[in-house]
Chemist: 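Below you will find the structure I want to go over with you.
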Amino acid sequence: MAKPNYYDTSAAIQVIGCTILQPNLLNEDGQYFYSADDFVTEIHRVAFGAVFNLHQMGAERITPKTIEDYLQGQPESYGIYQQSKGSEWLQNCIDTADIANFDYYYSRLKKMTLLRGYTKAGVDMTWLYDPDNLLDIEKKEQQENYLNCISLNELADIVDNKILTVRDVYVDNATDHALRIGDSVAEVLASLEETPEVGAPFADKGLNGITRGARYGKYYLRSAPTGVGKTRSMLADACYMACNAIFDPENGEWVQKNNQPVLFISTELDVEELTTMALAFLTGYNEEDILLQRISFSDPVMVQAAQVLKESPLYLEILPDYTIKQVENTIKRNIRVNHTKVVFFDYLNSSLGLLTEVTNQTHGMAMREDIILSLLSTRLKEIANDFNVFIMSATQTNASAKTDPLPDANLLKGSKAIAEKADFGSILLPLTETDQEKLQVYAERGFPMPNIKLSVYKNRRGSFVRGYLWMQMDKSTCRYETVFATDWDYKQLPITAFDIEQPVM
């Protein structure tokens, strides 16, 4: 028996015609989304692919001539275009386009794509919609009306629930589909009594206080403009967690502590650059003094720092041209081989490998950079959850970071969607003139004057949000410390700064 013909030619032509007339319908703002699989007929795929790519390349007005010029550089597609009398065909699409009813045709197109997807996976969908039924007119009308009335999400839910119900009964032996939340209260409390919901310690006690540390299974973002300290603060935390001692210059002694395996993934800096940063953090010596050998390498503190670093389970992977799959495999390998529980990924940025990977997966359809980075961010959260590890990453900020009075996820370069899956979201920012004026009252109260601020815009399972941790950061030693906290209106907020004892590894 042949597969049903799940394709509405009229809907496809309408979508193509409407997007030619109004290219803004192709904007990737979440209202509409498209796939190469939405179109079956060759001329449809060629025409829509050309329209989509022209829009992505900045074309503000698209005509049959524009499309034809674009396709002339692609011999195979241009051959299909010529065989189909492309110019006349496109003009017909434009002439018949019904923009007022675009949502109907778009919905119809996507529903057919979904039905084809289920059929391709081996699911018989004729019980819901059988386009090849030509005999039972009443049934055909009922199915048409039903398909038109439900949304795309509702259609997917109906089919998925039907399939999952079979699994529930015959695989999972399920009789009830929900549990009362109170049924597990004893187990939850027992688990928290045995292991409180805290993670590995950050170098800053204030950050520990508002996050309860680097919690396993969670994904944090700490973004910053260029040059503010993304990498240095991240490496400081990696060293603090992975090294069993750190030098205290005030007391002139090494402070011993527990440590655990940590993976640091670098996308830009090499091992030499990161090594001198790590030595500066461990010793408290200015990195420039180390680089210029103003500090003798036979200095006892330097010798001890080198030994601590050598013995520490701080693992480095350098991925300058990474893909999502490569990042995933790198983390999994370190979890398996080095028993890593903490991962720092420095940082979310586009690479040729990443762009090529996504382009191949979408069969050549262009995708915006911010959407690609959002996919990577989502995958990092999934890995953290699946393997019960802590992952921290960062992004650059956009130009608004210098002037926007609301320091939230809208400052992230590309799109705030990158932070959607994060359990904790923050941005390191330099002080503004307004900050310095507003903070004078705290200086008069005896608080040390900060030189940097951490804006916290998201904090799942934490009470501190929409506030600042005001910090003193010494980038030359990669050390940073919270001195006090306020909300975004500069009103002081109480926080409990504390150390977290790591488990002995």
Chemist: Establish, from distance only, whether the side-chain atoms of D248 and N251 form a donor-acceptor pair under 3.5 Å.
Modeler: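 Checked: D248/N251 side chains pair up, N/O donor to acceptor below 3.5 Å.
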Chemist: I'd like to know if the side chain of Y468 pairs up with that of D435 as donor and acceptor (distance under 3.5 Å, no hydrogens or angles considered).
Modeler: no
Chemist: Test side-chain contact (heavy atoms from CB on, under 4.5 Å) on I335 and V343; report intermediate values, then the result.
Modeler: CA-CA 9 Å; I335 292 172; V343 178; 5.6 Å; no
Chemist: Will you find, in the side chains of Q440 and Q436, an N or O donor that is under 3.5 Å from an N or O acceptor?
Modeler: no
Chemist: Under 6.0 Å between ring centres, would you say that holds for F484 and Y442?
Modeler: yes
Chemist: Around R61, counting heavy atoms of other residues, nucleotides and ligands shown, do more than 12 lie under 6.0 Å from its CZ?
Modeler: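 No, CZ of R61 has 12 or fewer neighbouring heavy atoms, counting only those of other groups under 6.0 Å.
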Chemist: Set out, in order, the CA-CA distance, both residues' side-chain angles and the distance that settles side-chain contact (heavy atoms from CB on, under 4.5 Å) for N259 and Y240, then state yes or no.
Modeler: CA-CA 8 Å; N259 62 330; Y240 193 81; over 6 Å; no
Chemist: Does the side chain of T276 come under 3.5 Å of the side chain of E287 through a donor N or O and an acceptor N or O?
Modeler: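 Per modelled atom types, T276 and E287 side chains form a pair under 3.5 Å.
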Chemist: When you compare the side chain of L454 with that of I427, does any pair of heavy atoms fall below 4.5 Å?
Modeler: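 Counting from C-beta outward, I427 and L454 never come under 4.5 Å.
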Chemist: Using only heavy-atom distances, determine whether the side chains of E288 and S476 contain a donor-acceptor pair under 3.5 Å.
Modeler: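 Not at all, the side chains of E288 and S476 share no donor-acceptor pair under 3.5 Å.
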Chemist: Any idea which heavy atoms bring I318 and D270 closest together, and the distance?
Modeler: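 Taking I318 first and D270 second, the nearest heavy atoms are CD1-CA, 3.8 Å.
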Chemist: Give a yes or no on whether the ring-centroid distance for Y322 and F345 is below 6.0 angstrom.
Modeler: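 Y322 vs F345: aromatic centres under 6.0 Å.
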Chemist: Heavy-atom distance under 4.5 Å between the side chains of V228 and M473, does that happen here?
Modeler: no
Chemist: Cut-off 3.5 Å, side chains only: do D299 and S296 have a donor facing an acceptor?
Modeler: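 Their side chains do not contain a donor-acceptor pair, so the 3.5 Å distance test is not met.
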Chemist: Side chains of Y480 and D474 only: does a donor on one sit below 3.5 Å from an acceptor on the other?
Modeler: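 Absent: no donor and acceptor within the cut-off.
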Chemist: Would you say the side chain of K110 lies within less than 4.5 Å of the side chain of D38, judging by non-hydrogen atoms?
Modeler: yes
Chemist: Test your reading of the model: is there a side-chain donor-acceptor pair from Y219 to the backbone of I383, 3.5 Å cut-off?
Modeler: no
Chemist: With the threshold set at 4.0 Å, does a side-chain nitrogen-carboxylate oxygen contact exist between R232 and D346?
Modeler: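 No, this pair does not count.
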Chemist: Taking the side chain from S233 and the backbone from K230, do they hold a donor-acceptor pair closer than 3.5 Å?
Modeler: yes
Chemist: Verify the neighbour count for atom CD of E481: are there more than 12 heavy atoms of other residues, nucleotides or ligands below 6.0 Å?
Modeler: no
Chemist: Does K257 use its side chain to pair, donor to acceptor, with the backbone of C243 at less than 3.5 Å?
Modeler: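 Side chain of K257 to backbone of C243: a pair is present.
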Chemist: Any chance you could measure Y34, atom OH, to T113, atom OG1, to the nearest 0.5 Å?
Modeler: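 The OH atom of Y34 sits 11.5 Å away from the OG1 atom of T113.
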Chemist: Measure the shortest side-chain to side-chain distance between Y347 and L221 over non-hydrogen atoms and say whether it is less than 4.5 angstrom.
Modeler: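 Contact flag for Y347/L221 side chains = no.
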Chemist: If we ignore hydrogens and angles and just use 3.5 Å, is the side chain of K341 paired with the main-chain N or O of N388 as donor and acceptor?
Modeler: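 Flag set: sc K341 to bb N388 pair under 3.5 Å.
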Chemist: Ignoring hydrogens and angles, tell me if any N or O in the side chain of R45 forms a donor-acceptor pair with the backbone of F39 under 3.5 Å.
Modeler: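 It does hold such a pair.
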Chemist: For Q256, look at atom CD and say whether over 12 heavy atoms of other residues, nucleotides or ligands are found less than 6.0 Å away.
Modeler: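 More than 12 within 6.0 Å, yes.
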Chemist: Kindly compute the distance separating CG (L439) from CZ (R445), expressed to the nearest 0.5 Å.
Modeler: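 Separation between the atoms: 10.5 Å.
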Chemist: Measure the shortest side-chain to side-chain distance between V262 and F344 over non-hydrogen atoms and say whether it is less than 4.5 angstrom.
Modeler: yes
Chemist: When you check the side-chain N and O atoms of T482 and W470, is any donor under 3.5 Å from an acceptor?
Modeler: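 There is no such pair (donor and acceptor under 3.5 Å, judged by atom type) between the side chains of T482 and W470.
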Chemist: Below 4.5 Å, heavy atoms only, C-beta onward: do N27 and H55 meet side chain to side chain?
Modeler: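 In contact.
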Chemist: Kindly say whether I210 contributes a backbone atom to a donor-acceptor pair with the side chain of N459 at under 3.5 angstrom?
Modeler: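 Checking the backbone N and O of I210 against the side chain of N459, a donor-acceptor pair under 3.5 Å is found.
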Chemist: Quick check: does any side chain N or O of R222 sit under 3.5 Å from a backbone N or O of A394, one acting as donor and the other as acceptor?
Modeler: no
Chemist: Run the salt-bridge test on R116 and D37 with the 4.0 Å N-O cut-off and return the result as yes or no.
Modeler: no
Chemist: Give a yes or no answer on whether the side chain of S377 reaches the backbone of L373 with a donor-acceptor pair at less than 3.5 Å.
Modeler: no
Chemist: If you measure only the distance, is there a donor-acceptor pair under 3.5 Å linking the side chains of H339 and N334?
Modeler: no
Chemist: Quick one: list whatever passes ring-ring contact (aromatic ring centres under 6.0 Å, His included) with Y32, sequence neighbours left out.
Modeler: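 ring-ring contact (aromatic ring centres under 6.0 Å, His included) check on Y32 returns F102, Y106.
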Chemist: If you define the side chain from C-beta out and look only at heavy atoms, does anything of P450 sit under 4.5 Å from M471?
Modeler: no
Chemist: With salt bridge (Lys or Arg N to Asp or Glu O under 4.0 Å) as the test, pick out the partner of D423 among K458, R461, K381, R212.
Modeler: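 Of the listed residues K458, R461, K381, R212, the salt bridge (Lys or Arg N to Asp or Glu O under 4.0 Å) partner of D423 is K381.
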Chemist: Is the shortest side-chain heavy-atom distance between W488 and S455 below 4.5 Å?
Modeler: yes
Chemist: If you apply the rule side-chain contact (heavy atoms from CB on, under 4.5 Å), what do you find for L412 with N398, and how did you get there?
Modeler: CA-CA 6 Å; L412 301 187; N398 56 39; 5.9 Å; no
Chemist: Could you check, using the six-membered ring where one of them is a Trp, whether F390 and Y220 have ring centers closer than 6.0 angstrom?
Modeler: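 Ring centres of Y220 and F390 closer than 6.0 Å.
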Chemist: Taking D204 for its side chain and D237 for its backbone only, find out whether a donor-acceptor pair lies under 3.5 Å.
Modeler: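 No, because the side chain of D204 does not come within donor-acceptor range (under 3.5 Å) of the backbone of D237.
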Chemist: Between S223 (side chain) and T395 (backbone), is there a donor-acceptor pair under 3.5 Å?
Modeler: yes
